[in-house]
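Numbered from 1 within each chain, the chains take letters A, B, ... in sequence-line order.
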Amino acid sequence: MRMQYRIFPCGESAVTFDLGDRLDMSNNQAILSMREKIIRTPFPGFIEAVTAYNSITLMYDLASLRPSMLVADSPFTFISEYLTELYHSVSDNILFNGTSHRVPVCYDPLLGVDLLALAASKNLDPDELIQLHHSTPYRIYMIGFLPGFPYMGALDNRLFAERKNKPIQVSAGSVAVAGWQTGIYPFSSPGGWHVIGRTPVRLFHPQHYPPVQWNAGDTVTFFPISLHDFLSYQHP
Amino acid sequence: MDQYATRVANWLVGNVETVVVLEMHFPAAHIQFEKDALISICGADFSPHVDDKPISTWQPYLVKKNALLSFKKPVWGARTYLSIRGGFNIDPWLNSCSTHILAKAGGWQGRPLQKHDIIPFADIQLPASLFHSPDSFFYRLPWSINHHSIYNLTEAIQFTIGPEWEQLDAASQSELQTACFEVSTNSNRMGYYLLGPTLSRKDPTQLISSGVTFGTIQLLPNGQMVILMADHQTTGGYPRLGFVAGVDLPRLCQAAAKTAIQFNLVTLEQAVQKALTRHSENEQLRTLCFNNLNSFYATHGCQL
């Protein structure tokens, strides 16, 4: 299915292709497939492609583009046509296949510092909230905000809550929710999402390549562990 | 941050532009060279001295073993770059020698440098004939780069419009192009927070996250703006009002806290042309630097 799209320049050295604000797995799949195709056969001057929920931003070195790519003093026309063709070539022919990950989470309120408050505000028993959170696998739509931070969806409607107005310091490994998304903070950071648990797994390994085990398009399934198991978790 | 200063600093010592450099803010380090080196300092002028004798920025210097480099006061600019012939011996991580402080990886042990750190660098051959007296620890190579036109902060920062520009009300669009904005003291390598008149969007709908770039001008919920800088997050959800023209990023990087800046809207075609012209000028500059250095070394009968 072909969606409406918008293409706009981000200054003279980048262009964004955007499928709009409606969150949708097939849009995301198309975007990821576009990226996959570009990095396999990049045009001269291509530097990087950053994907988000429904958009892909291409960054290029202007001076390395071929002169034929500059039409009326700008590469925008060429890059727009390139992106349009790319979209049409992938939208019926999805190239990208993600992998599955299982992530242990301890939902003890000592670690899930916002769990009880969130449950109360949603008129849910804390155990119900926990059950709703881990009983469904989530798609990683994008990585952003922090290295390795996965933006995942879609959360059960009953768990929907706006981000906090004032972010607080959040511990590394914190599993959190906001809106229809769930995520995990790989590093200690200020955060405005509601923290409902923590994973003992270390998510960012500088000494490994790649340092983060997951990518956009992958699936994550949470499974609950006890506080005891959290504390005695052995890192491989 | 300041890619122009970084490149020129490298070219002045005969390095290609991608060689690792040391970025410093004020107060900057006291650095002792434990062996001979060919260096240059580009970017901000923090009044560099070698053994308490002043040296110039944007110029190459040969320094002798035991020379002590120090920076006496912030004269102009926000960040300065030390380049060294052959580069510092830093193991790349993810294809870069830059430091990622949050991840504690990259650069020198994943952290800013500290007192007593010893950073290795390549050996060079120093023409012995240049140092006439035992007191002279440096030799100034006789060429420098005139960088002033690149960094004139009295000129407005050029920008092209962003996808949410049309969502600004007319008064806000006008304010952005006429008012003065101050670089707040909260600014850092991730973003420059600006203080100025409040700007308003006609439509308050939140946007979903999308890729952002170095130079993206975003509108914050409080009506103030932030310009994303070198260490920006890869994605963001704030409205994108515009994008700073690439040619003006070095200038912006040297705008220290409390500097007042103004903005000037340009077309995409103008931004492209300026970028290509700058690139062409840079290529000439690079060639000039390399030729000068090669001739100098040939004249003194030794190899770079």
Under the 3.5 angstrom rule, does the side chain of E175(B) hit a backbone N or O of T198(B) as a donor-acceptor pair? no
Toward chain B, the part of L146(A) with a non-hydrogen atom under 4.5 Å: side chain
When the 4.5 angstrom heavy-atom criterion is applied to F8(A) and chain B, the contacting part is side chain
Of the backbone (N, CA, C, O) and the side chain (C-beta and beyond), which part of P186(A) lies under 4.5 Å from a heavy atom of chain B, both, or neither? neither
Holding to side-chain hydrogen bond (donor to acceptor under 3.5 Å, both in side chains), I want the full list of residues that pass it with N15(B), two or more places apart in sequence or in another chain. N10(B)
Do V21(B) and C42(B) touch side chain to side chain, with heavy atoms closer than 4.5 Å? no
If you count heavy-atom pairs under 4.5 Å between each of A49(A), P206(A), P9(A) and chain B, which one has the most? P206(A)
Side chains of F43(A) and I79(A) in contact at under 4.5 Å (non-hydrogen atoms): yes
In chain order, what residues pass the side-chain contact (heavy atoms from CB on, under 4.5 Å) check against T287(B), with sequence neighbours excluded? N291(B)
What would the table of donor-acceptor pairs between chain B and chain A look like if you include every N and O pair under 3.5 Å, whether backbone or side chain?
unit_1: W93(B); atom_1: NE1; unit_2: P206(A); atom_2: O; d: 2.9
unit_1: S210(B); atom_1: OG; unit_2: S55(A); atom_2: OG; d: 3.1
unit_1: G246(B); atom_1: N; unit_2: E12(A); atom_2: OE1; d: 3.4
unit_1: G246(B); atom_1: N; unit_2: E12(A); atom_2: OE2; d: 3.0

Under a 4.5 Å cut-off applied to non-hydrogen side-chain atoms, are I7(A) and F76(A) in contact? yes
Among A63(A), C10(A), G144(A), single out the residue with the greatest number of heavy-atom pairs under 4.5 Å to chain B. C10(A)
Provide the full list of ring pair (Phe, Tyr, Trp, His ring centres under 6.0 Å) pairs with a residue in residues 199-229 of chain B, sequence neighbours left out, each pair given once. none
Examine the side chains of E23(B) and Y81(B) and answer whether a donor and an acceptor come within less than 3.5 Å of each other. yes
